[in-house]
Amino acid sequence: MARFRKASILSVALLVLTVGAGFLGGVAWQGNRAAAPESAATPDEEPRDRDKRRLVIDEVGLEPAKREEVEAIVQHFVAGMKALDEEFREAYRPRHRALLHDARDSIKSVLQPEQRALYDSLLAVRYGSGRGEGDSSGSGKGKGPPDGRGER
């Protein structure tokens with residue numbers, strides 16, 4: 001009995017140490033993330049948002065004329081990425097919708113009739129009556145999720 005009690009106390013102590021170490025590690029990691037500057041802007045950002053972030057090129061020490069040249073290059077890149085993103089969306093939107101519908105139909109096939117009805121109503125509430133397809137204009141700015149996540 002004493003042996004069991006000693007093992008239990010040791011187990012609880014190890015558990016507390018593990019949880020405490022995890023907590024402290026998480027706090028330290030969050031502190032490092034908050035203190036570290038972002039190294040690059042994402043293509044979707046507006047220039048004013050990107051200006052709030054510190055770019056890697058900012059650490060090179062460019063004179064103002066070179067900085068303007070680099071900024072023009074970055075702006076050109078951002079515009080190109082936005083155009084490419086829209087091209088991808090237009091090219092793959094029909095396939096994305098078909099996969100989404102197939103996944104939902106497959107999910108419905110394993111549900112009971114009342115579960116199916118509830119599933120449909122929940123989808124309608126969350127994504128509108130378009131079943132997460134976006135609006136009928138094809139702009140992709142409807143109520144549906146842009147990336148297909150959160151469908152289940």
Side-chain angles (χ1 to χ4, degrees), residues 8 10-60 62 66-152:
S8 295
L10 183 60
S11 297
V12 169
L14 285 174
L15 179 63
V16 168
L17 284 172
T18 302
V19 169
F23 175 77
L24 292 175
V27 168
W29 184 69
Q30 286 292 341
N32 284 342
R33 285 190 62 208
E38 293 293 330
S39 61
T42 60
D44 294 344
E45 285 184 312
E46 295 294 322
R48 66 181 177 278
D49 294 334
R50 191 178 56 253
D51 289 340
K52 294 176 188 173
R53 300 177 129 183
R54 186 175 172 117
L55 302 176
V56 172
I57 195 69
D58 293 334
E59 298 177 30
V60 175
L62 295 174
K66 291 289 185 185
R67 177 68 190 159
E68 287 179 25
E69 285 183 60
V70 168
E71 188 61 33
I73 292 168
V74 170
Q75 292 301 321
H76 177 73
F77 169 77
V78 168
M81 288 300 289
K82 283 182 180 181
L84 186 60
D85 184 51
E86 185 58 34
E87 185 179 326
F88 281 161
R89 284 187 213 185
E90 292 301 319
Y92 293 106
R93 186 177 287 129
R95 287 177 55 193
H96 175 263
R97 287 182 183 160
L99 284 170
L100 188 61
H101 285 260
D102 289 348
R104 288 180 178 169
D105 290 343
S106 295
I107 290 169
K108 287 181 196 180
S109 72
V110 300
L111 300 177
Q112 299 295 324
E114 58 276 354
Q115 292 171 322
R116 224 175 284 133
L118 178 59
Y119 180 72
D120 283 336
S121 67
L122 291 170
L123 288 174
V125 167
R126 182 170 289 182
Y127 302 115
S129 60
R131 293 177 35 168
E133 298 177 24
D135 61 8
S136 60
S137 70
S139 68
K141 297 189 183 193
K143 296 180 183 176
D147 58 5
R149 286 187 235 151
E151 301 303 313
R152 291 176 243 140

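Everything numeric here is computed off the predicted structure, so don't read it as measured data.
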Rounding to 0.5 Å, atoms CG (Leu118) and CG (Leu123) come to a distance of 9.5 Å

Which value, rounded to the nearest 0.5 Å, describes the distance between Glu87 atom CD and Tyr92 atom OH?
9.5 Å

I need the Tyr119 OH to Leu111 CG distance, nearest 0.5 Å.
7.5 Å

For Glu71, is there an ion pair with Arg67 - N to carboxylate O distance below 4.0 angstrom?
yes

Minimal heavy-atom distance between Pro94 and Ala91, with the atoms involved, is CD-O, 4.0 Å

Would a 4.5 Å heavy-atom cut-off, applied to side chains only, mark Met81 and Asp85 as touching?
no

d(Leu100 CG, Asp105 CG) to nearest 0.5 Å is 9.5 Å

Before you tell me yes or no, could you show the steps for Glu90 and Glu86 under side chain to side chain contact (heavy atoms under 4.5 Å, CB included), namely the whole-Å CA-CA distance, both residues' side-chain angles and the distance that decides it to 0.1 Å?
CA-CA 6 Å; Glu90 292 301 319; Glu86 185 58 34; 2.9 Å; yes

How close do Arg116 and Lys108 get, heavy atom to heavy atom, and via which atoms?
NE-O, 2.9 Å

Would you indicate whether the side-chain heavy atoms of Phe88 and Leu84 approach each other to under 4.5 Å?
yes

